[in-house]
Amino acid sequence: MSARPAAFFRVEGPIISRSAKVAAAWLAANSQEISSRFVRLGAVALSAPLALGGDRTLATCAAWMGLRGMTEDRLVILGEDYYEAYLEDNLAAVGLDLLARAKREKQEIVLVSEHLECIIKPLADKVGAKHLVCNRMEYRNGRATGRLLDPVVGRLGGTWLKNFAAQHKLDLSKSTAYGAGDADVALLSAVAFPCAVQPDRSLRAAARDLDWPVVGA
Amino acid sequence: MLRKTLAGRHILLTGATGFVGKVWLAMVLERLPEIGKITLIVRPRSRRENARMRYEKVIDTSPVFRQLRKDHGANLGRFLGARLEVLDGDIEKPLLGIGTDAVFSLAGRVDAIIHCAGITDFQPDPLRALKVNVFGARHAAQLSRRLSVPLIHVSTCFVAGMVSGDVPEALVPGIAPNGQPFDVNAEIRALQQACKEGDAVEKVGTRIDIGSARAKALGWPNIYTYTKGLAEHIITQTKDVNWTIARPAIVECAHEYPFVGWNEGLNTAGPLAWLITTSFRRLPTAPDNVFDVIPVDEVAKGLTHITAAAIRNEAGGVYQLASSDVNPLTFGRCVELTGLGMRRWIRKGGGTPSERMWSQHLDPGPVAQHQQGLCSVDRLLDFTAGLRDGLGSVKSDKSLPAKVADSGVGAALDDWLASARSKVYDSEQQLKRIENMLELFKPFIHDHNYILQTGRVRALCEDSMPGFEWNVAYIDWRHYWVNVEFPGLQKWSIPVIRGEKIPSDSPSSPRFELEDVHLQERVASK
């Protein structure tokens with residue numbers, strides 16, 4: 001079977017405007033014991049300087065580390081609730097249009113998200129994504145260890161993308177990718193048809209330099 | 001095998017108006033229409049409303065029969081008339097009170113008796129519980145012997161009593177849960193005698209105290225498990241009865257049949273879920289202990305398999321319909337899932353403003369009995385009592401200067417004090433209710449950890465047919481508790497605690513009636 005074209009979508013930016021850190025903070029603020037809520041929120045807040053420092057992957061790991069000790073039940077149920085309450089009705093029109101276009105063009109949809117699987121899976125189901133690459137929490141005895149399972153979705157490298165494409169028989173030379181931030185440059189650089197969607201300042205600059213199309217500016 | 005065994009068979013059922021009985025009946029009628037006949041023994045409601053009329057109303061308005069009503073429409077009376085027979089009876093009377101003519105007419109026609117009727121309150125009047133749970137079982141056993149058919153007696157896993165650890169699918173006749181030998185008939189007589197002395201003659205509360213004490217002395221935690229336990233021993237002592245005991249654990253909302261979340265009346269999880277919806281947020285439970293819950297439709301399936309095996313003469317002994325040995329749900333998990341279910345239910349529009357406030361900010365949690373701290377019911381009751389006394393001692397004419405008191409401020413203060421005293425009184429009453437409830441549930445949610453063995457029932461259900469698969473091992477408790485159990489309790493169970501009416505379906509017009517269809521007609525119409 002020949003390799004198929006795919007459409008890679010970074011979820012944060014093109015499809016939803018809320019950062020994954022907001023979701024981590026919301027989950028932390030809804031842990032079972034009130035006392036632990038403050039500790040967890042503090043841990044999530046510590047990830048902000050790391051993000052500002054430029055290490056997106058480390059910042060992602062630090063943010064989700066704040067949920068250590070919470071039960072899988074709580075994270076899954078609240079994750080579903082978070083999606084329904086805050087994300088489902090606030091999906092970006094431009095992102096949904098691009099998803100619809102990718103489906104019309106028979107591209108395999110790959111969602112790439114820094115959110116936990118329990119939050120973002122309903123979106124993948126809703127848009128009919130064939131693949132969902134997102135952060136998955138490690139659980140032991142029903143409780144989160146705070147560690148993310150590989151691959152950690154933060155700044156994904158081009159090598160990871162090539163391996164993923166080979167594993168799933170996707171043809172990057174016919175594929176499209178949509179991103180919104182500087183962490184997506186490697187993703188966009190690895191496909192034939194990159195596109196910046198509502199980009200931040202740094203990606204906008206990169207798009208201008210590399211002559212990538214920009215939508216939803 | 002199940003279909004083949006039950007096709008054309010005639011089963012006699014008691015307790016058809018109860019939670020389990022109704023679901024079993026509807027499930028068999030819907031999924032095994034090849035069943036020959038099911039005779040229901042139902043107590044007439046009054047002289048004007050005999051058993052048949054009473055049950056016609058049940059079929060017409062109970063949500064359990066919705067699917068059957070939808071599937072058969074105007075032909076439901078004919079469909080059910082060919083398969084159902086409703087007899088006036090009373091399980092408190094010998095031979096279930098159906099009369100000798102009915103016994104004579106049933107002889108040679110019936111293949112098995114399922115005795116499902118019983119009182120499920122934890123602390124009923126022991127004399128009433130004796131009549132219904134113990135003598136009812138004795139009368140069912142007598143009828144089983146008279147008709148020479150197997151008896152399937154529906155009991156409860158918690159006849160195991162105040163024990164922890166593995167509870168086998170077994171019964172040792174004449175041995176109480178505390179391991180001591182006892183004579184069941186002597187115990188019944190002693191209980192009856194004790195309830196005839198002194199205050200007990202007049203006061204139900206005294207009788208309940210006596211019953212509870214006797215139950216605990218033998219190792220049963222309450223009057224319900226005591227009388228169900230005595231019933232099991234009574235059955236084993238009735239000579240020439242081919243008995244099988246089906247023991248469900250805590251029967252809860254339907255997983256899928258008759259529909260997702262169906263529940264009826266007050267079961268164990270209902271009051272606990274209600275507690276969590278109050279301002280009481282710390283449930284004294286042992287978080288690692290198992291809460292053995294089983295959906296009512298799984299009980300109905302298991303009961304069908306047990307009945308078929310009994311008819312094949314392959315059953316006998318005890319079968320436990322439970323989940324703890326293959327798919328345990330712990331209390332800690334259950335309490336957390338209840339809180340999460342509450343949050344979701346409220347997010348979807350349920351709950352009162354105060355419930356919204358609590359659920360948003362305070363999640364319930366399990367706490368050990370000795371670590372309840374300031375939020376223990378005892379301390380809260382002391383606090384409210386002190387507050388009530390304090391408010392009661394304040395009088396405007398004594399607390400305020402005469403000029404101020406006469407100026408209208410005094411009247412306003414008195415109004416405010418009266419309102420405050422009323423609110424404190426309400427809180428105190430609710431706390432007392434919670435205290436009683438926790439005391440009743442404590443053996444099951446805190447003191448003992450039951451691991452109920454189900455190997456026999458699992459072996460029986462291996463050879464199944466669509467609609468009767470035993471799925472207990474595969475229940476996803478997270479999904480079940482949040483999306484099935486909690487909304488089901490909110491709709492069908494918790495309103496009972498609040499004194500509200502449970503919704504039922506509108507009666508049809510003209511009134512639904514079972515048609516008299518004879519077997520020959522049924523064969524001809526096939």
Enquirer: Looking at CG of Asp81(A) and CD1 of Ile346(B), how far apart are the two atoms once the value is rounded to the nearest 0.5 Å?
Expert: 11.5 Å
Enquirer: Against chain B, label Ala29(A) side chain, backbone, both or neither, depending on which of its atoms sit under 4.5 Å from a heavy atom there.
Expert: neither
Enquirer: Search all heavy atoms of Gln32(A) against all heavy atoms of Pro364(B) and return the closest pair with its distance.
Expert: NE2-O, 2.9 Å
Enquirer: Does some side-chain heavy atom of Arg478(B) sit less than 4.5 Å from a side-chain heavy atom of Glu72(A)?
Expert: yes
Enquirer: Is it true that, when you exclude Phe259(B) itself, more than 12 heavy atoms of the residues, nucleotides or ligands shown sit nearer than 6.0 Å to its CZ?
Expert: yes
Enquirer: If you count heavy atoms of other groups shown closer than 6.0 angstrom to CG of Asn141(A), is the number above 12?
Expert: no
Enquirer: Would the number of heavy atoms belonging to other residues, nucleotides or ligands and lying under 6.0 Å from OH of Tyr139(A) be above 12?
Expert: yes
Enquirer: Might you confirm whether atom CZ of Arg18(A) has over 12 heavy atoms from other residues, nucleotides or ligands at distances under 6.0 Å?
Expert: yes
Enquirer: Quick one: which of Leu78(A), Ile34(A), Val76(A) has the most heavy-atom pairs under 4.5 Å with chain B, could you say?
Expert: Val76(A)
Enquirer: Are there residues of residues 329-336 of chain B that reach to under 4.5 Å of chain A by heavy atoms, and which ones?
Expert: Arg333(B), Glu336(B)
Enquirer: Decide if atom CZ of Arg147(A) counts as having more than 12 heavy atoms of other residues, nucleotides or ligands within a radius under 6.0 Å.
Expert: no
Enquirer: Heavy atoms only: give me the nearest Arg74(A)-Leu340(B) pair and the separation to one decimal.
Expert: CA-CD1, 3.6 Å
Enquirer: In terms of heavy-atom proximity below 4.5 Å to chain B, should Ile77(A) be classed as side chain, backbone, both, or neither?
Expert: both
